[in-house]
Amino acid sequence: MDGTTWLWLGTAGMLGGSAALFLAGGKRTQDEEGHSIAHGLVPLFAAIAYFALAVHQGQVTLSSGRVFLFARYLDWSVTTPVLLLGLSMTALHGAHRRAGLVAGLLASDVVMIVTGLFFGASQDPFMKWVWYIASCAAFIAVYYVLFGPLRAEAQMRDAERRSAYNRNVVILSVLWLIYPIVVILGPDGLEIWTATLATACITVLDLVAKVVYGFISMAGSRRITDADLARGDVSPAMVSTHSVPSGAPESAMTIQAGSVLQRRQI
Ligand code: RET
């Protein structure tokens, strides 16, 4: 299979994965809905990048003759922060706690991808390594937050959130570690691998890190929601309000919260 075929496969896989994640995603609480939307959107963004690359856009030919697929980095600059936001929401029981810490995590991640973009675009070997090291430093900052303060936050939550965080953080960090290795072996790095081999590897890795990981994370979110509802640990404000007409009185939300709880108890 040539590189373009892999890119079409990536486009189809991401589109199919996005549809499957949106369809499978629950929305019983705002927490669960947030996870479903985030995991459905991630492969949808990626599909845009894969499509652009498959039709030979999203790439430039550098003066050295190397074809630089910059659309990958655009994809990662959007999708990696969304994935990290999902993980943070698990650790923090919603998106409203420790905003500064989450902002720092996402900023480090964006620094990692933007410096990675300059690494990929570099033709001067010295500058290439400068950007690569800068990107790795930002990557270490991401790991530090995930295994330091965010993990500590997760340990203070209920058993379901704790175990979902502990599982997801390990899967995510192992998968993400493969990226800098594949990229350094491919045409953007040391050019040890052919462009086709690098594209094949990154396509498979991207499908696993976005779609397979999305399903694993959503299964955790389902277990968290089941437990929250069983405990009655869902305040009306935490229940999804999209079926309540806008401007509906507060009591409508309370009734809806109650009916969700009742349905769970039956
Ligand atoms: C780059 C450049 C070189 C140094 C490092 C990198 C890290 C890339 C990562 C990408 C993760 C992408 C994911 C996409 C899925 O949605 C940019 C290759 C550290 C970690 C998970």
Side-chain angles (χ1 to χ4, degrees), residues 13-47 78-98 102 106 146 150 153-172 175 206-246 248 250-266:
M14 291 299 177
L15 276 180
S18 170
L21 283 160
F22 271 124
L23 285 172
K27 45 184 188 302
R28 290 169 293 171
T29 63
Q30 290 189 18
D31 216 10
E32 193 182 44
E33 184 183 56
H35 270 96
S36 304
I37 292 173
H39 287 301
L41 279 178
V42 163
L44 194 59
F45 274 119
V78 176
T79 54
T80 55
V82 175
L83 289 169
L84 290 177
L85 190 60
L87 195 55
S88 309
M89 277 163 55
T90 303
L92 298 167
H93 195 161
H96 49 283
R97 289 200 176 94
R98 299 198 69 180
V102 177
L106 302 193
L146 293 182
L150 262 191
E153 282 283 348
Q155 306 319 304
M156 290 189 267
R157 308 282 160 242
D158 51 81
E160 291 76 22
R161 280 188 174 75
R162 212 162 45 228
S163 86
Y165 184 85
N166 291 343
R167 183 178 47 254
N168 293 351
V169 77
V170 169
I171 298 172
L172 180 141
L175 286 172
D206 264 347
L207 284 167
V208 175
K210 292 170 164 89
V211 179
V212 177
Y213 173 80
F215 275 105
I216 295 171
S217 169
M218 267 182 17
S221 162
R222 195 169 306 121
R223 280 191 289 272
I224 289 170
T225 309
D226 285 346
D228 280 351
L229 291 170
R231 278 192 295 263
D233 185 18
V234 183
S235 67
M238 289 297 287
V239 171
S240 211
T241 54
H242 51 261
S243 61
V244 177
S246 60
E250 183 88 339
S251 59
M253 281 162 58
T254 313
I255 290 162
Q256 197 204 18
S259 66
V260 170
L261 287 175
Q262 266 170 1
R263 233 180 291 138
R264 284 291 314 158
Q265 281 154 8
I266 289 168

Problem - Close side-chain approach of Asp158 to Arg231, heavy-atom, < 4.5 Å - result: yes
Handout entry: Flag side-chain contact, heavy atom, 4.5 Å: Ser88 against Leu150
Key = yes
Completion exercise
For Leu175 and Ala209 the tightest heavy-atom approach is CD1-CA, 3.9 Å
Problem - Exercise: identify the closest heavy-atom pair between Ala164 and Gly220 - result: CB-CA, 4.4 Å
Problem - Minimal non-hydrogen separation, His39 against Gly214, with atom names - result: ND1-CA, 3.6 Å
Exercise for the section: Would you indicate whether Phe45, at its atom CZ, is surrounded by more than 12 heavy atoms from other residues, nucleotides or ligands within a distance under 6.0 Å? Expected result: no
Practice task
To the nearest 0.5 Å, tell me how far Met89 CE sits from Ile224 CD1.
Solution key: 10.0 Å
Fill in the blank from the handout: For Val211 and Met14 the tightest heavy-atom approach is CG2-SD, 4.4 Å
Fill in the blank from the handout: For Val212, the side-chain contact (heavy atoms from CB on, under 4.5 Å) test, sequence neighbours excluded, returns Val208, Ile216
Handout entry: Distance in Å, Thr80 OG1 paired with Lys210 NZ, rounded so as to fall on 0.5 Å steps
Key = 8.0 Å
Handout entry: Side chain to side chain, Ile37 and Lys27, heavy atoms closer than 4.5 Å
Key = no
Problem - Nearest-0.5 Å distance that lies between atom CE in Met156 and atom NE2 in His93 - result: 13.5 Å
Practice task
Answer yes or no: is there a side-chain heavy-atom contact under 4.5 Å between Asp31 and Arg161?
Solution key: yes
Practice task
Give a yes or no answer on whether the side chain of Thr225 reaches the backbone of Ser221 with a donor-acceptor pair at less than 3.5 Å.
Solution key: yes
Practice task
Decide yes or no for Leu84 and Leu106: does some side-chain heavy atom of the first lie under 4.5 Å from some side-chain heavy atom of the second?
Solution key: yes
Problem - Residues that Val82 engages under side-chain contact (heavy atoms from CB on, under 4.5 Å), provided they are two or more places apart - result: Ala38, Val42
Handout entry: Pairwise distance CG(Asn166) to CD1(Ile171) - rounded to 0.5 angstrom
Key = 11.0 Å
Practice task
List in chain and number order the residues that pass side chain to side chain donor-acceptor pair (under 3.5 Å) with Arg223, two or more places apart in sequence or in another chain; answer none if no residue qualifies.
Solution key: none
Handout entry: Closest heavy-atom pair and its distance - Leu92, Arg97
Key = O-NH1, 2.7 Å
Practice task
List in chain and number order the residues that pass side-chain contact (heavy atoms from CB on, under 4.5 Å) with Ala20, two or more places apart in sequence or in another chain; answer none if no residue qualifies.
Solution key: Phe215
Exercise for the section: Compare all side-chain heavy atoms of Tyr213 with those of Leu87 and state whether any distance is below 4.5 angstrom. Expected result: yes
Exercise for the section: Answer yes or no: is there a side-chain heavy-atom contact under 4.5 Å between Arg28 and Asp226? Expected result: yes
Practice task
Indicate the atoms forming the closest heavy-atom contact of Arg162 with Ala154, along with that distance.
Solution key: CG-O, 3.5 Å
Problem - Partners meeting salt bridge (Lys or Arg N to Asp or Glu O under 4.0 Å) with Arg157 (sequence neighbours left out) - result: Glu153
Exercise for the section: Could you pull out all residues at least two apart from Ser18 that satisfy side-chain contact (heavy atoms from CB on, under 4.5 Å)? Expected result: Phe22, Pro43, Leu44
Handout entry: Flag side-chain contact, heavy atom, 4.5 Å: Arg167 against Thr90
Key = no
